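Okay, so here's the structure we're looking at.
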Amino acid sequence: MRCRPAIVIMENDHVLLMRYQFGSGMVYNFPGGNPDPGEIFPETIRRECREELAVEVEVGSMILMGEIPSQEERKSALHILFEGKIISGIPMLQAQETTAQEVCWVPIAQLSSLHLYPNVGEALQDLVFLQKKGIYLGAIHQPWVS
């Protein structure tokens with residue numbers, strides 16, 4: 001199983017996402033990535049944000065965690081989302097460091113209508129709007145992935 005820590009940065013009722021081309025559609029992802037050997041999750045998030053978005057971030061508490069089970073040739077993945085904030089810089093896509101097409105500030109209210117990877121839009125909305133504590137989601141269903 002691979003682990004992918006990521007950061008959820010919210011400002012003015014919007015969340016920072018990265019948009020990717022996935023087949024003929026668009027997929028949105030939270031800034032983060034795969035840890036380098038010996039790297040702990042907050043270090044991974046800070047490095048990925050620096051490399052891909054040219055920003056320095058402060059990584060806070062874990063807010064959500066869930067698994068995407070393996071499918072055919074894809075390994076299962078554990079997604080760990082942390083709250084955080086930008087402490088310096090303005091997010092600008094560093095095209096040489098990522099396959100993302102765009103950096104987007106998306107209204108939190110629209111998260112459940114996007115193709116998110118991982119598909120945690122409703123859980124984040126519950127966290128923000130209903131003040132539900134962060135949870136372990138178990139298996140995350142990705143209905144838009146064939």
Side-chain angles (χ1 to χ4, degrees), residues 1-23 25-69 74-145:
M1 174 181 288
R2 68 182 183 89
C3 295
R4 186 183 188 278
I7 191 167
V8 178
I9 299 171
M10 292 185 261
E11 293 182 11
N12 301 317
D13 296 322
H14 287 67
V15 65
L16 181 67
L17 298 173
M18 298 171 74
R19 182 180 61 80
Y20 293 82
Q21 184 72 40
F22 185 77
M26 299 293 164
V27 174
Y28 296 83
N29 203 339
F30 300 91
N34 299 316
D36 285 344
E39 197 172 53
I40 62 172
F41 294 152
E43 291 170 347
T44 300
I45 294 167
R46 286 190 291 270
R47 175 183 51 78
E48 291 283 349
C49 287
R50 193 176 313 113
E51 292 172 357
E52 296 182 353
L53 300 173
V55 294
E56 295 296 326
V57 297
E58 180 179 297
V59 180
S61 299
M62 185 189 78
I63 55 175
L64 292 174
M65 177 173 43
E67 300 173 52
I68 297 179
R74 284 196 171 152
K75 283 184 176 180
S76 58
L78 177 65
H79 291 267
I80 310 99
L81 278 65
F82 293 83
E83 65 184 350
K85 63 182 180 180
I86 296 170
I87 54 175
S88 71
I90 297 171
M92 294 178 55
L93 198 65
Q94 305 300 301
Q96 70 280 10
E97 297 291 337
T98 180
T99 58
Q101 305 291 308
E102 179 183 22
V103 176
C104 313
W105 286 99
V106 176
I108 295 167
Q110 292 179 8
L111 287 178
S112 60
S113 66
L114 296 177
H115 291 161
L116 277 177
Y117 182 80
N119 187 24
V120 296
E122 287 182 23
L124 274 176
Q125 288 172 329
D126 286 350
L127 185 72
V128 173
F129 298 131
L130 304 177
Q131 300 297 304
K132 287 189 175 180
K133 288 186 176 185
I135 57 171
Y136 168 66
L137 298 172
I140 300 171
H141 180 63
Q142 297 292 141
W144 47 269
V145 177

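A quick note: this is a predicted structure, and the numbers were derived from the prediction, not measured.
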Expected output: side-chain Glu43 to main-chain Ile40 donor-acceptor under 3.5 Å: yes
Met26 CE to Gln21 CD distance, which is reported to the nearest 0.5 Å: 4.0 Å
Surrounding CD1 of Ile87 (heavy atoms of other residues, nucleotides or ligands, distance under 6.0 Å), is the total greater than 12? yes
Main-chain N/O of Val120 paired to Glu122 side chain as donor or acceptor, under 3.5 Å: no
For residues 8-17, dump all side-chain donor-acceptor pairs below 3.5 Å to protein atoms at least two apart in sequence or in another chain.
{"from": "His14", "atom 1": "ND1", "to": "Asn12", "atom 2": "O", "distance (Å)": "2.8"}

Pair Ser112-Gln125, side-chain donor/acceptor within less than 3.5 Å: yes
Check this for me, if you would: do Arg47 and Glu51 make a salt bridge, where the nitrogen-to-carboxylate-oxygen distance has to be below 4.0 angstrom? yes
Separation of Gln101 CD from Tyr28 OH (nearest 0.5 Å): 11.0 Å
Report the residues that fulfil side chain to side chain donor-acceptor pair (under 3.5 Å) with Arg4, sequence neighbours left out, ordered by chain and then residue number. Asn29
Going from OG on Ser76 to CD1 on Ile68, what distance comes out if it is rounded to the nearest 0.5 angstrom? 10.0 Å
Cationic N near anionic O, under 4.0 Å, Glu56 to Arg46: no
The complete set of side-chain hydrogen bond (donor to acceptor under 3.5 Å, both in side chains) pairs with one or both residues in residues 82-97, sequence neighbours excluded, reads none
